[in-house]
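Here the structure is laid out as structure tokens; the discussion comes afterwards.
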Number of protein chains: 2
Amino acid sequence: MIEPAFLLREKGVPVTAQRIAVLNAVSELPHSTADAIAGRVRDTIGAISKQAVYDALGMLTSKGLVRRIQPAGSPALFENRVGDNHHHVICRSCGKTADVDCAVGKRPCLTAADNSGFVIDEAEVIYWGRCPDCIAK
Amino acid sequence: MIEPAFLLREKGVPVTAQRIAVLNAVSELPHSTADAIAGRVRDTIGAISKQAVYDALGMLTSKGLVRRIQPAGSPALFENRVGDNHHHVICRSCGKTADVDCAVGKRPCLTAADNSGFVIDEAEVIYWGRCPDCIAK
DNA sequence: TATTGATCTTGATTCAGTCCAGATTAGGGG
DNA sequence: CCCCTAATCTGGACTGAATCAAGATCAATA
């Protein structure tokens with residue numbers, strides 16, 4: 001894995017213990033909430049304020065080091081898999097989230113039939129369904 | 001337009017003044033928040049509780065009469081255009097929301113390359129970009 | 001019209017996320 | 001190597017969306 005401190009320095013932002021810990025937590029717990037990340041960071045470096053977590057996640061998101069997804073009916077989730085164009089499937093029953101690569105290939109549907117004059121720069125796709133465990137029940 | 005009361009009766013749910021007003025408000029104000037809908041309903045029938053609005057919207061959503069979309073960083077929006085497979089484009093600057101028909105056609109990407117065993121029943125697509133007004137500035 | 005079960009009202013509550021003021025720390029200049 | 005400044009972090013108050021709970025009210029059937 002690439003050294004987190006290097007990634008931060010490369011982006012020209014001050015390197016702090018909190019940010020490194022947040023970045024590591026996102027790698028270790030993909031698709032987890034800000035709260036879960038805060039908990040993981042506390043296990044690692046002892047303590048961190050909720051504010052610092054949100055701040056670090058916001059900064060990392062704006063720098064493109066983590067990605068934020070916000071499914072309906074759930075708090076925001078964060079993951080560190082960036083750069084490829086993958087999407088997510090969420091279980092309607094238990095909320096489990098998994099990565100999927102879109103069958104259409106790269107950047108699906110980025111050109112809408114009628115874009116109403118909008119300039120589109122990203123297409124966000126969420127698949128809704130049921131996970132294997134919930135189907136089994 | 002189809003009579004709202006008929007739609008409700010057809011679904012086997014009691015017809016109330018609040019529900020009809022909510023259904024009308026959603027038609028008149030597409031892509032608006034629960035709050036905005038409540039305001040519109042109050043203009044029409046005088047008063048309604050926040051709870052009744054949420055309840056009616058939830059019921060209408062479960063019956064497939066309205067659709068709920070929840071963009072990141074914004075409260076849930078509701079619209080009454082259902083049944084066709086259209087998606088939405090949202091302006092990053094001002095939050096304006098518009099409908100788009102996907103270029104790929106019907107139910108794009110519903111079959112993911114690797115679905116991890118999930119059974120997918122819906123693909124939700126949100127395009128992010130800038131609206132004509134914000135580009136002009 | 002009477003009955004019954006669903007719906008609506010009011011008010012408290014939860015929860016994610018933000019705001020604020022002050023203490024702390026990273027990183028470059030001396 | 002040490003100091004300075006601006007950025008970051010802390011802790012707590014706060015907001016706004018949405019949900020929960022108990023009791024009053026109402027739609028639909030007989």
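In what follows, chains are A, B, ... by sequence order, proteins preceding strands, each numbered from 1.
- If you measure from atom OH of A/Tyr54 to atom P of D/dC14, you get 19 Å, rounded to the nearest angstrom.
- Between the CZ atom of A/Arg19 and the P atom of C/dT25 there is a distance of 15 Å, rounded to whole Å.
- In the set C/dG17, C/dT7, D/dT8, the nucleotide with an atom closest to the side chain of A/Ala34 is C/dG17.
- In this structure, A/Ala56 and B/Ala17 both approach DNA chain D, and ranking their closest nucleotides by distance from the 5' end singles out A/Ala56.
- Mapping A/Val15 and B/Lys50 onto DNA chain C by nearest heavy atom places B/Lys50 closer to the 5' end of the strand.
- Here A/Thr33 does not reach the OP1 or OP2 of C/dA16: none of its side-chain N or O atoms lies under 4.0 Å away.
- Rounded to whole Å, atom C1' of C/dG17 lies 14 Å from atom CG of A/Leu77.
- A side-chain N or O of B/Glu79 and one of B/His86 form a donor-acceptor pair less than 3.5 Å apart.
- B/Ala76 comes within contact range of the sugar-phosphate backbone alone, with a heavy-atom separation under 4.0 Å but no base atom that close.
- Counting any heavy atom pair closer than 4.0 Å across all strands shown, A/Asp35 reaches no nucleic acid atom.
- Looking at heavy-atom distances under 4.0 Å, A/Gln51 makes contact with a base.
- When atom types are taken as modelled, the side chain of A/Arg42 and the backbone of A/Ile48 share a donor-acceptor pair closer than 3.5 angstrom.
- Both B/Arg9 and B/Ser74 sit near DNA chain D, but only B/Ser74 has its closest nucleotide nearer the 5' end.
- Between B/Arg92 and A/Asp121 there is a salt bridge, since a side-chain N of the basic residue sits under 4.0 Å from a carboxylate O of the acidic one.
- Among the heavy atoms of the strands lying under 4.0 Å from B/Ser49 is at least one base atom, whether or not backbone atoms are also near.
- Look at A/Gln18 and you won't find any side-chain N or O under 4.0 angstrom from OP1 or OP2 of C/dT25.
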